[in-house]
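Residue indices begin at 1 and follow the sequence shown.
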Amino acid sequence: MLKDYLQKPTWGELLFGVKCFLAAMLALYIALRLGLPRPFWAPMATCIVSQSMAGSVYVRGMSRLVGTLFGTVASVFLLISFVNYTILLCFLIALWVGTCMYFSMLKRTTDAYVYTVAGFTVPVIIFSVLGDINFINVQYITDMAIARAEETGIGFVSAILIHSLIFPRHIGSAVINRMDAVRKDIRQWTATILRGSTPPGNAPRLNAAHIISDLRVLSANLPHDTSNEKWAVANIRLLQDRLTVVIPLITSIEDSVMELGKAGKLSEYWKYLLDNIASWIEEDRPTPESAQWLRERIRHGLPEITQNASWDEVLIVHLASNLEKLITSRENCADQRRAIDDSLKGKASASPKTTPVSLNHLTKDRHLALLVSASAVFSIMLASLFWVASGWNAGFCAPMMTSIFYLSFIRNDNSVAALKKVLLFTIYSLLPAGFYLLVVMYSTHSFESLMLLFAPFVIIGGIFMARPATAFGTTIFMMGIWSTTTMYDLDMANATSFMNGQVFAQCIGITMALVSAMIFRSFDAEWTTKRLLAGVGDEISRLAKSTRTPPPVIQTSVRMIDRLTVIAPRLSGLGSEKDNAIASLFGQMRIGVNVVYLMHMRSRLERNGIDIAPLLKALSDWFGKRSHEPSERDAMIERIDDMLQSVCNMPSRIRQNSAIAALTGIRRDLFPDASPYYPQTLVFKEAV
């Protein structure tokens, strides 16, 4: 960790540090000129929202501003109504924080930060007011709440202005460059699989899934960016969706190639064709003519499908169908990438014909959100009761810090590690914080000298905030110093108040949040992992049971991949079984996609006398159960085999190969170790 701090700063990092300093000083100057009672809250707010990307600063700043306004209104109401009932007021604060945490965990978009800020604004305002108990009245409560909103609002606006106007770093170019990189990685991974060299482990597919999911959330900031890429946001998000569809296709092709190769049924023709497709995939600008040639070669290699088609033949059909989809997806991604460039140049519409998948379709874990919210209420109440029972005037910092850091970090899978780091860097900040409070603040008599004395701390801190490896710890470190300077506003700039408020109360509050997180995570981790794994099956069960119009395949792929990226990091506790669990998840993801493919073909199959409703119901019942008897397993295999033979005997060839591919994929992923499919020969009774 130390080597990350010893690296020579780049010009970009130095520029970010200077911008952080300018934003903080601008906010402090405006707050002082307006005569606000707590001017040092303004530069502290700039530290919280400063991000290296201009669009992220805007979104974060506006979210904090809106959240602060909601929190301020709630604070005034709660204080005026319940100021004489301290225990009840503390419970209502804890309930408010828990409610905000619940909704923030359900939101997978940038506006989730509104709930987080609204959540900890209430304890920050109320506990700081309660700490000054001698001067409480309605006017004082209202003035203090409004002042907090004004001071933090000035900080947010200052950060937005400085980071957006002075050499802004744009999200758009970063998103597009990262998308191009992941596209290249996916193409290389695909070519490797098509040539029969399967990469070990699940790393390539997981990395691609994680990057695309992260880019999807990051792209939500694009409409607020200062770059031209904000006009192409719909095309950018659609490209991310199209890249997501490729992942289940590649993993299915990988499984087919391995199975056929293991059985020695992959002919030289198909090996040659796969090598040609791999070379075409690697091309930067594939032509439509070459894509059409590959499609014709795929169709030429298809076996003649009859009622007595063998398992090897339907596997070839499954492989061929997926290869055609892969070629189409490769063309769609290339076309979509060109559409992004055209829309940036004004040559094409900024709105594509296909609507991108909404972020509202991403995974929402309501059970976990409710449990975390309940644990937040318990932890904050525990800290509040400790403060009230102890009669410690400066102890209000304990429940306040518990609220802030519980809201900020408990939702993370590594929340315990994050809170340990918060406590560590808060302790690191105490010595320089005390120096600034007790020495620097009394040594300056003008705003210019104050700027000069703060410059090294803010600029150097900004440099480390610009580095991903050091950003988190440095932000906590700077927050510790800025929060200490607010004691100067309260006429509490003395060693006694510093030790009481910043050293003991603040550290106790963080420690309580850490202990609560450790207790919560100790029994939550395994339960959550099992429930999330079961949730994949529940979603497939709901899909197969649905009588409504089936969702688009692209939407199902996005939901499945997003759910997989949520679950995968939680599987580290499984040890050697982790790879098997992830492989099973990818298999279930492909089953869900194939079920949707079947549902889209329902009307065509019914016109050929094939009713897939009983199979869909059987699949729904299968995934609705947690365990199955051997007889149930045999019955499901037999049902899939009967449907597969019926499709092979379809009078119409339209959609036949697609239906065979979907059924073969479901059978292969659901029962990978089952005996191969073998068509049943119908024998007349007279012959017997």
Asker: Could you check if a side-chain atom of Ser429 sits within less than 4.5 angstrom of a side-chain atom of Met478, using non-hydrogen atoms only?
Answerer: no
Asker: Under the side-chain contact (heavy atoms from CB on, under 4.5 Å) rule, what do Leu36 and Ile30 come out as? Steps first, then yes or no, please.
Answerer: CA-CA 9 Å; Leu36 296 177; Ile30 294 173; over 6 Å; no
Asker: Any side-chain heavy-atom pair from Val122 and Thr72 closer than 4.5 angstrom?
Answerer: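 No. Closest side-chain heavy atoms not under 4.5 Å.
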Asker: With distance as the sole test, does Glu13 use its side chain to make a donor-acceptor pair with the main-chain N or O of Ala466 at under 3.5 Å?
Answerer: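 Between the backbone of Ala466 and the side chain of Glu13 there is no qualifying donor-acceptor contact (under 3.5 Å).
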Asker: Please report the closest heavy-atom contact between Asn235 and Ala339, naming both atoms and the distance.
Answerer: OD1-CB, 3.9 Å
Asker: Once rounded to the nearest 0.5 Å, what's the spacing between atom CZ of Phe464 and atom OG1 of Thr474?
Answerer: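 Phe464 atom CZ to Thr474 atom OG1 measures 6.5 Å (nearest 0.5 Å).
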Asker: Kindly assign one of parallel, tilted or perpendicular to the pair Phe77 and Phe82, based on the angle between their ring planes and the thresholds 30° and 60°.
Answerer: perpendicular
Asker: Test Val18 against Ile166 for side-chain contact (heavy atoms from CB on, under 4.5 Å), laying out the working first.
Answerer: CA-CA 10 Å; Val18 172; Ile166 300 179; over 6 Å; no
Asker: Determine yes or no for a side-chain-to-main-chain donor-acceptor pair under 3.5 angstrom, with Thr485 supplying the side chain and Trp482 the backbone.
Answerer: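 Confirmed, Thr485 side chain pairs with Trp482 backbone.
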Asker: Find the distance between OG1 (Thr68) and CD1 (Ile125) and round it off to the nearest 0.5 Å.
Answerer: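 Between atom OG1 of Thr68 and atom CD1 of Ile125 there are 7.5 Å.
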Asker: What I'd like to find out is whether the side chain of Met512 reaches to under 4.5 Å of the side chain of Phe386, using heavy atoms alone.
Answerer: yes
Asker: Would you give the length of the straight line joining atom CD1 of Ile380 to atom CG of Leu95, rounded to the nearest 0.5 angstrom?
Answerer: 10.0 Å
Asker: With heavy-atom distances below 4.5 Å as the criterion, would you say the side chains of Leu89 and Ile93 are in contact?
Answerer: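 The answer is yes, as the side chains (C-beta and beyond) meet within the 4.5 Å cut-off.
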Asker: So which atom in Ala27 and which in Gly155 form the shortest heavy-atom distance, rounded to 0.1 Å?
Answerer: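 Scanning both residues completely, I find the closest heavy atoms to be CB-CA, 3.9 Å.
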Asker: To the nearest 0.5 Å, how far apart are CG in Leu78 and CD1 in Ile126?
Answerer: 4.5 Å
Asker: Look at atom CZ of Phe472 and say whether more than 12 heavy atoms of other residues, nucleotides or ligands are closer to it than 6.0 Å.
Answerer: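 For Phe472, atom CZ is crowded (more than 12 foreign heavy atoms under 6.0 Å).
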Asker: Could you pull out the closest heavy-atom pair between Met101 and Ser373, with the gap in Å?
Answerer: C-OG, 3.9 Å
Asker: Quick check against the 3.5 Å criterion: does Thr402 have a side-chain atom that pairs as donor or acceptor with the backbone of Gly509?
Answerer: yes
Asker: Fit a plane to each ring of Phe127 and Trp387, take the angle between them on a 0 to 90° scale, and name the class: parallel (under 30°), tilted (30 to 60°) or perpendicular (over 60°).
Answerer: perpendicular
Asker: Within the structure provided, determine whether Ile404 and Ile510 are in side-chain contact (heavy-atom separation under 4.5 Å).
Answerer: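 Side-chain contact under 4.5 Å: no.
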Asker: Please report the closest heavy-atom contact between Ala433 and Ile481, naming both atoms and the distance.
Answerer: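 Between these two residues, the closest heavy atoms are CB-CA, 4.0 Å.
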Asker: If you apply the rule ring pair (Phe, Tyr, Trp, His ring centres under 6.0 Å), what do you find for Phe454 with Tyr436, and how did you get there?
Answerer: CA-CA 9 Å; Phe454 268 109; Tyr436 267 95; 5.0 Å; yes
Asker: As an exercise, state the distance from OG1 of Thr152 to CE of Met44, rounded to the nearest 0.5 Å.
Answerer: 9.0 Å
Asker: Is the distance between the ring centroids of Trp11 and Phe16 under 6.0 Å?
Answerer: no
Asker: To the nearest 0.5 Å, how far apart are CE in Met451 and CG in Leu28?
Answerer: 9.0 Å
Asker: Side chains of Cys100 and Phe120: closer than 4.5 Å at any heavy-atom pair?
Answerer: no
Asker: Less than 4.5 Å apart, any side-chain heavy atom of Thr46 and any of Phe156?
Answerer: no
Asker: Applying side-chain contact (heavy atoms from CB on, under 4.5 Å) to Arg366 and Tyr102, what does each step give before you reach the verdict?
Answerer: CA-CA 8 Å; Arg366 300 182 185 277; Tyr102 176 80; 4.0 Å; yes
Asker: Using the side-chain contact (heavy atoms from CB on, under 4.5 Å) rule, take Ser158 and Met25 through it: C-alpha gap first, then chi angles, then the decisive distance, then the call.
Answerer: CA-CA 9 Å; Ser158 299; Met25 294 302 105; over 6 Å; no
Asker: Has the side chain of Lys19 got a donor or acceptor atom that lies under 3.5 Å from a matching backbone atom of Phe167?
Answerer: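 Yes, Lys19 side chain to Phe167 backbone: donor-acceptor pair under 3.5 Å.
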Asker: Testing the basics here: between Ser384 and Pro399, what is the closest heavy-atom pair and its distance to 0.1 Å?
Answerer: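 The answer is OG-CB, 3.5 Å.
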Asker: Within the structure provided, determine whether Thr10 and Leu14 are in side-chain contact (heavy-atom separation under 4.5 Å).
Answerer: no
Asker: Kindly check if the number of other-residue, nucleotide or ligand heavy atoms within 6.0 Å of CZ (Phe447) is above 12?
Answerer: yes
